[in-house]
Number of protein chains: 2
Amino acid sequence: MKAHQVTIKDIAKILGISISTVSRALKNHPDISEETKVQVKDLAHKLNYEPNALALNLRRSKTNTIGVIIPEIIHHFFSSVISGIEDVAYDMGYNVMICQSNESYEREVINAQALLCNRVDGVLISIAKTTLDFDHFRHFTNQGIPMVFFDRICPDIMTDRVITNDEGGAFLATEHLIKIGCKHIAHFAAPQHLLIGQGRFAGYQRALKQYQIQFDPRLVLNCNTRDGAFEKAAQFLNDNPDVDGIFAVNDNTAIAVMQIINKLGKKIPEDIAIVGFGDGPDALITSPPLTTIEQKGYDIGTEAVKLLIHRIENESSSDSFQTKVIPPNLIMRESTDKENVLSANV
Amino acid sequence: MKAHQVTIKDIAKILGISISTVSRALKNHPDISEETKVQVKDLAHKLNYEPNALALNLRRSKTNTIGVIIPEIIHHFFSSVISGIEDVAYDMGYNVMICQSNESYEREVINAQALLCNRVDGVLISIAKTTLDFDHFRHFTNQGIPMVFFDRICPDIMTDRVITNDEGGAFLATEHLIKIGCKHIAHFAAPQHLLIGQGRFAGYQRALKQYQIQFDPRLVLNCNTRDGAFEKAAQFLNDNPDVDGIFAVNDNTAIAVMQIINKLGKKIPEDIAIVGFGDGPDALITSPPLTTIEQKGYDIGTEAVKLLIHRIENESSSDSFQTKVIPPNLIMRESTDKENVLSANV
DNA sequence: AAAATTTCCGCAATCGTTTGCGGTTACGTT
DNA sequence: AACGTAACCGCAAACGATTGCGGAAATTTT
C-alpha cells in the first residue's frame, strides 16, 4: 500500500543511466540526446513521476509558498480577501498557506513561527484585535522575508500595505445621509483604539462639518457588533427620538439595528435611514436592502499579493514601501431610498 | 538586507563543535553534556535560529501538511469547514494548504498535482460541480496518500467520507411543514445528477409519503440559486396558488423566494411557510428569520480532518473506510411559526 | 592519421537536518 | 599499571533534486 514515491533515482536505475542525465532530460537540457529524452520522459510519465518540491525548495531555498495570517476565515470579508489572494497566487505559480489567529495574539505568534519554519517566500497579514506587540513580525524582516499588511495594518513596521479608505468611505456614507435630508445622524462606532474605528469616525465628523451640521457627541454610540446592537440600540433610539439617519461602522451592526427599528414599528428609510459598511452579501437580503460602503475584499487580496510577489521577485530593488488605498464606493439600496428612486427600476 | 538564514552549521562553526552535536543539543539528546546544551541553546536563541522545515521534511519524507481542495472559499459553508479543519490541524501540529477549484475541473486537477508535488501528508476534498472524471484523485491513493472526501464526495473512490444526512434533513424540513399544517408543499430542488439534489428530494418525498400526502410532480421546481429563484419563482407561485409551504434545497434559494413572496404581497408564514437548508448566518437576518436545516460546516471540517490524521498516523492499520454522517437538525424560526410560538419569548 | 571539435553523459558538491556507528577522552576498578 | 566503562562528541550517509566541470566516444577537420 505504502508506495514509495517515484524519484529520478528510480528512473535512472531502471534506464541504467545517471541521475543527472534524468534530471537534464526532464528539463530539456541541450546536452541530452533526443533519444534519451524520449525514453526518460516516457518512463517518468508511466511511473507517474512528480518532482519532489521539498528537495527543490531546499536546494533553491525558495518555496513558492505565501503565508497568510488572518483573524477569522468565516468572516465574509476575509474569505473574499483569501479568494483574491488565492487566484493571483495561483496564476503566478505560488501556493498559499493559511493560518487563522482567531483574534488571539498567542496564536498569531505561533502562526508566524510556523511560517518562518516553513520558509515561506513572503507573508500577508491582517493582525488580530488583541495584538499589541509586534516583535513576532520583525523576525520576518530580519530574515529578509517580505511582508504586506492589509486592512488591519501594523503602524510600527515599515512594509507595503493595502487598506480601505475608511475615512473616505465614512464620509461618503454620512454625506449620502445628509443629501437625502437627514438632519440628526447617529454613528454606531467601533472602539477608538482601532484604526478602523478612528478612520470611520473621522469621516463621519468631516462630512458633518463640511455640510455645517453641528456635531453632537450624544449621537455617537460605541457599538460595533450584532449583540451590542441588541443590547444598546433600542434604548439609544428611545433616548434620541429625533435621530433620522444612522451610519453604522459595519453591516452586521447596521443589520441588527434595522431589525430593532423594524420591531419598534418605525419605517426605514422614511423614519430612519441607515447606512452600513462592508457590503457583504447580507446587505442584499435584509428588508429593506441595506445601503452600504463597498469594502472590496477580493481586490484587497489581489493587490496585497501582487505587492508581495513583486517584492519577492525583486528583492534587490529597494523601492520604498507603498501603501495602497482601495477607494471606497457607496452602494445605494432601499434603506436610504427616501425618494423611491430604486423602485422605479423594479 | 537579504540575511542568510541561520542554520545549525553556523552555530556549530561559531561554537567550534560539530553539526551533529548541535542537532543533538537542541533535541536534548542524553549524549550531550549540560554545558554544551546550554551554550548551543543560548546561541540558537540569540541568533533567532529556526529549524528549516524543508530539510526536516525531506529527510523524514513527511511534511505535516494537509492539503484541502474546495470549490469556493467565499461560501459560508466552506469557510466554516475550513475553520474546523484549521482548528483541529493546528492542535495536532499540522499545517493546512488550501486550494480553490472555483468549481472548475481543470483547476481541480492542477490543484491535486500541486499538492502531490508538495508531498502533503493527506488531502481533504470536496469536488467541483464540473468534475466527472476522478483519475486525478487516484494518484493520491497510488502514492499512499490518504484522502477524505466531505460534503461533495466521490462515489467511485473508496475512502473515508464525511457527509450531511441530506435525506434525513429534507425529511425533517418537510415533516415540519406538514406538522404546522401545510397541505401543498412545493420543493425547490437542485439538479438530480448531484447527490445533494437526489438526497434532499428523496427526503421530501419520504415525508410526504409517511404522512399520506399525494406527491405532485408539478410542485417540484428545478431551482437552486438566488438568480434562478428570481427567474422562476413568481411565475411558479402564480401557477400554483394553493402552495402553502415551500422546502427549498438551500438557504440562498429560500431567501430569494421569501423576498419574492414578500413582494407579491403574501404573508410568511401565514400564507406560505418556508424552510431552507444550510443555516448560514443569512437565515437570521431575513424578515422573517428563516427556518432551516443546520448544515454543520465546522463539525464536518473537524470530523474530516480527524479521520484524515488518523489515517496518516496509522498508515499500517487497514481499518475499513468509514463514512461519517453528520446528523441533521431543524432550526425553527419565524418563517414557519404559524402559531406565534417564538414571539412569546421576545 | 593525428588533431580538433562536437555530442553526450557522469561525478560530486550542495541545500539543512537527523542518526547509526565509531572514536576520544577521562574516570574508576582491580 | 592495565583494563573496563562511562560520558561526549564527530564522521558520513541519507532525503531528492540541480549543475559546474570534466571526460569518453564519435565525428569532423587538417
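All figures in this text were calculated on a predicted structure; none of them were measured in a lab. Numbers restart at 1 for each chain; the letters A, B, ... are given by sequence-line order, proteins then strands.
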Calculate the interatomic distance between [X] atom [atom1] and [N] atom [atom2]; express it in whole Å.
X: A/Ile19; N: C/dA13; atom1: CD1; atom2: P; answer: 14 Å
X: B/Lys62; N: C/dT18; atom1: NZ; atom2: C1'; answer: 16 Å
X: B/Leu56; N: C/dT19; atom1: CG; atom2: P; answer: 9 Å

Requested in this report: Report the C-alpha distance between B/Leu308 and B/Leu124 in whole Å, list the side-chain angles of each, state the deciding distance to 0.1 Å, and finish with yes or no for side-chain contact (heavy atoms from CB on, under 4.5 Å).
Outcome: CA-CA 8 Å; B/Leu308 183 66; B/Leu124 297 169; 3.8 Å; yes

In residues 34-42 of chain B, what donor-acceptor pairs under 3.5 Å come from side-chain atoms, sequence neighbours left out?
from    : atom 1 : to      : atom 2 : distance (Å)
B/Thr36 : OG1    : B/Ser33 : OG     : 2.7
B/Lys37 : NZ     : B/His29 : O      : 3.2
B/Lys41 : NZ     : B/Asn28 : OD1    : 3.1

Under a 4.0 Å threshold between the charged nitrogen and the carboxylate oxygen, would [Y] count as salt-bridged to [X]?
X: B/Asp121; Y: B/Lys62; answer: yes
X: B/Lys324; Y: B/Asp160; answer: no
X: A/Asp10; Y: A/Lys13; answer: no
X: B/Asp87; Y: A/Arg107; answer: yes

Query - Earlier contact from the 5' end, DNA chain D, for A/Thr21 and B/Ile17 - result: B/Ile17

Report summary line: Per nearest nucleotide of DNA chain D, the residue lying toward the 5' end, B/Glu34 or B/Arg59, is B/Glu34

With ring pair (Phe, Tyr, Trp, His ring centres under 6.0 Å) as the rule and sequence neighbours excluded, what pairs involving [range] come up?
range: residues 74-104 of chain A; answer: none
range: residues 55-74 of chain A; answer: none
range: residues 109-155 of chain A; answer: A/Tyr105-A/His136, A/Phe137-A/Phe149

Query - Residues in contact with DNA chain C, drawn from residues 36-55 of chain A - heavy-atom cutoff 4.0 Å - result: A/Thr36

**Report entry** Contacts of A/Arg152 that satisfy salt bridge (charged side-chain N to carboxylate O under 4.0 Å, His left out) - sequence neighbours left out
**Finding:** A/Glu103

Query raised in the report: So, B/Ser18 versus B/Thr21: side-chain donor-acceptor pair below 3.5 Å or not?
Result: yes

Query raised in the report: Considering only heavy atoms from C-beta outward, does the side chain of A/Glu86 approach that of B/Ile73 to under 4.5 Å?
Result: no

Report task. Would you check if A/Asp135 and A/Arg138 make a side-chain contact, meaning some heavy-atom pair closer than 4.5 Å? Result -> yes

Listed pairs, N/O of protein and of nucleotides 20-24 of chain C, under 3.5 Å:
from   : atom 1 : to      : atom 2 : distance (Å)
C/dG20 : O6     : B/Arg24 : NH1    : 3.4
C/dG20 : O6     : B/Arg24 : NH2    : 2.9

Report task. Between A/Ser18 and A/Arg119, name the one whose nearest nucleotide on DNA chain C is closer to the 5' end. Result -> A/Ser18

Query raised in the report: Which is it for A/Asn142 and B/Asn48 under the side-chain contact (heavy atoms from CB on, under 4.5 Å) test, yes or no, and what are the steps along the way?
Result: CA-CA 9 Å; A/Asn142 287 343; B/Asn48 278 324; 4.2 Å; yes

Query raised in the report: Got a sec, which residues hit side-chain hydrogen bond (donor to acceptor under 3.5 Å, both in side chains) with A/Tyr49, two or more places apart in sequence or on another chain?
Result: none

**Report entry** Set of residues satisfying side-chain hydrogen bond (donor to acceptor under 3.5 Å, both in side chains) with respect to A/Thr159, sequence neighbours excluded
**Finding:** none

Query raised in the report: From the 5' end of DNA chain D to its 3' end, which nucleotides mark the outer limits of contact with chain B, defined by a 4.0 Å heavy-atom distance cut-off (strictly under)?
Result: D/dC8 to D/dG16

Report summary line: Rounding to the nearest 10°, end axes of the helix from C/dA1-D/dT30 to C/dT30-D/dA1 built from five pairs each make an angle of 70°

Query raised in the report: Near DNA chain D, which residues from residues 7-15 of chain A have a heavy atom under 4.0 Å away?
Result: A/Thr7, A/Ile8, A/Lys9

